[in-house]
Amino acid sequence: GESVGLHLPTLSVQEGDNSIINCAYSNSASDYFIWYKQESGKGPQFIIDIRSNMDKRQGQRVTVLLNKTVKHLSLQIAATQPGDSAVYFCAENLPPSGSARQLTFGSGTQLTVLP
Amino acid sequence: DGGITQSPKYLFRKEGQNVTLSCEQNLNHDAMYWYRQDPGQGLRLIYYSQIVNDFQKGDIAEGYSVSREKKESFPLTVTSAQKNPTAFYLCASSPRTGGATNEKLFFGSGTQLSVL
């Protein structure tokens with residue numbers, strides 16, 4: 001999972017395998033969650049989001065799972081490809097909805113896809 | 001193509017100097033944000049603006065200033081008062097305020113600021 005500090009958690013997977021990246025969020029009142037992908041030297045790219053009234057949401061090759069009981073979020077990437085190598089981080093937002101002002105970002109997990 | 005453009009990509013600041021980072025968006029978004037990213041840490045909010053001619057301090061506003069004279073533009077000035085300015089600076093925007101989907105941020109490609 002993610003943590004604050006100079007060294008990011010890392011995850012290495014073989015090309016074609018599935019990846020699971022975890023995120024522990026801090027506030028039980030958070031009602032919106034979002035995953036971003038950031039390649040080195042670039043800005044973050046939106047991957048998928050989920051609201052607290054859902055447990056699961058699927059996108060193209062990605063699935064986000066939300067477990068509110070233990071305040072845990074995960075991102076699953078199917079059939080991981082070399083282009084998936086990047087830092088992945090989650091963010092949580094406190095209500096009221098309507099602004100990104102209270103988005104809190106995790107520090108991220110470095111995903112490396114091995115050939 | 002619609003998007004957020006940050007410039008320059010790399011910027012160097014001398015001691016005592018103010019520098020300005022540019023951020024332009026053509027997404028017609030109301031809200032714009034500046035974040036600072038340090039190695040191994042999550043993004044931290046510097047300033048944000050929900051509407052033209054209005055902006056609010058974020059969590060780490062000291063040593064920074066902004067303006068929002070046009071909807072498309074939200075420049076950030078790193079002043080000499082910011083004693084540790086070396087970081088990767090990210091500008092972001094979101095569609096509108098008061099709606100249900102505007103927590104979703106769209107980011108620019110970033111500016112790496114270093115101190116000489």
Side-chain angles (χ1 to χ4, degrees), chain A residues 1-10 23-27 29-54 57 59 64 73 86-110, chain B residues 3-10 21 23 25 27 29-51 54-61 87-112 114:
Chain A
E2 299 183 8
S3 63
V4 175
L6 294 177
H7 302 288
L8 294 178
T10 59
C23 176
Y25 64 93
S26 59
N27 198 317
S30 294
D31 65 353
Y32 175 75
F33 305 88
I34 191 166
W35 279 99
Y36 283 96
K37 171 187 178 183
Q38 187 176 22
E39 297 174 72
S40 181
K42 297 184 179 180
Q45 297 172 270
F46 169 83
I47 301 174
I48 193 167
D49 57 1
I50 188 169
R51 294 209 172 268
S52 58
N53 59 354
M54 302 174 69
R57 191 169 187 214
V64 56
L73 196 66
V87 172
Y88 291 80
F89 57 87
C90 67
E92 59 182 298
N93 202 27
L94 286 168
S97 63
S99 169
R101 167 60 184 95
Q102 297 202 87
L103 269 177
T104 301
F105 293 86
S107 56
T109 296
Q110 173 70 57
Chain B
I4 302 174
T5 302
Q6 289 188 240
S7 62
K9 187 167 179 61
Y10 300 97
L21 285 60
C23 178
Q25 55 100 357
L27 300 168
H29 286 176
D30 287 324
M32 297 187 74
Y33 305 79
W34 274 106
Y35 288 91
R36 171 178 170 139
Q37 187 175 37
D38 293 282
Q41 297 187 34
L43 303 183
R44 292 185 289 168
L45 181 64
I46 304 172
Y47 267 98
Y48 67 104
S49 168
Q50 295 184 310
I51 196 169
D54 185 60
F55 49 83
Q56 307 295 328
K57 292 182 179 180
D59 302 316
I60 56 166
F88 191 55
Y89 290 86
L90 287 161
C91 179
S93 68
S94 62
R96 64 191 182 279
T97 56
T101 59
N102 57 14
E103 298 104 321
K104 182 171 150 181
L105 293 175
F106 296 81
F107 285 90
S109 56
T111 293
Q112 175 64 51
S114 302

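Residue numbering restarts at 1 for every chain, and letters A, B, ... go by the order of the sequence lines. Hydrogens, waters and symmetry mates play no part in the numbers below; they use all other heavy atoms, side chains included.
- No other option in B:G110, B:S109, B:A92, B:G58 has as many heavy-atom pairs under 4.5 Å with chain A as B:S109.
- Within a 6.0 Å radius of OH in B:Y10, no more than 12 heavy atoms belonging to other residues, nucleotides or ligands are found.
- To the nearest 0.5 Å, atom CG of residue A:L103 and atom OH of residue B:Y48 are 12.0 Å apart.
- Heavy atoms of A:Q38 lying under 4.5 Å from chain B belong exclusively to its side chain.
- Contact check for A:F89 versus B:L43: side-chain heavy atoms found under the 4.5 Å cut-off.
- There is no contact between B:Q56 and chain A, counting heavy-atom distances below 4.5 Å.
- With B:K9 contributing its side chain and A:G41 its backbone, the two residues share a donor-acceptor pair below 3.5 Å.
- Contact annotation for B:L90: only side-chain heavy atoms (C-beta onward) come within less than 4.5 Å of a heavy atom of chain A.
- By the 4.5 Å heavy-atom criterion applied to side chains, A:K42 and B:F107 are not counted as neighbours.
- The shortest heavy-atom contact between B:L105 and A:Y36 is O-OH, 2.8 Å.
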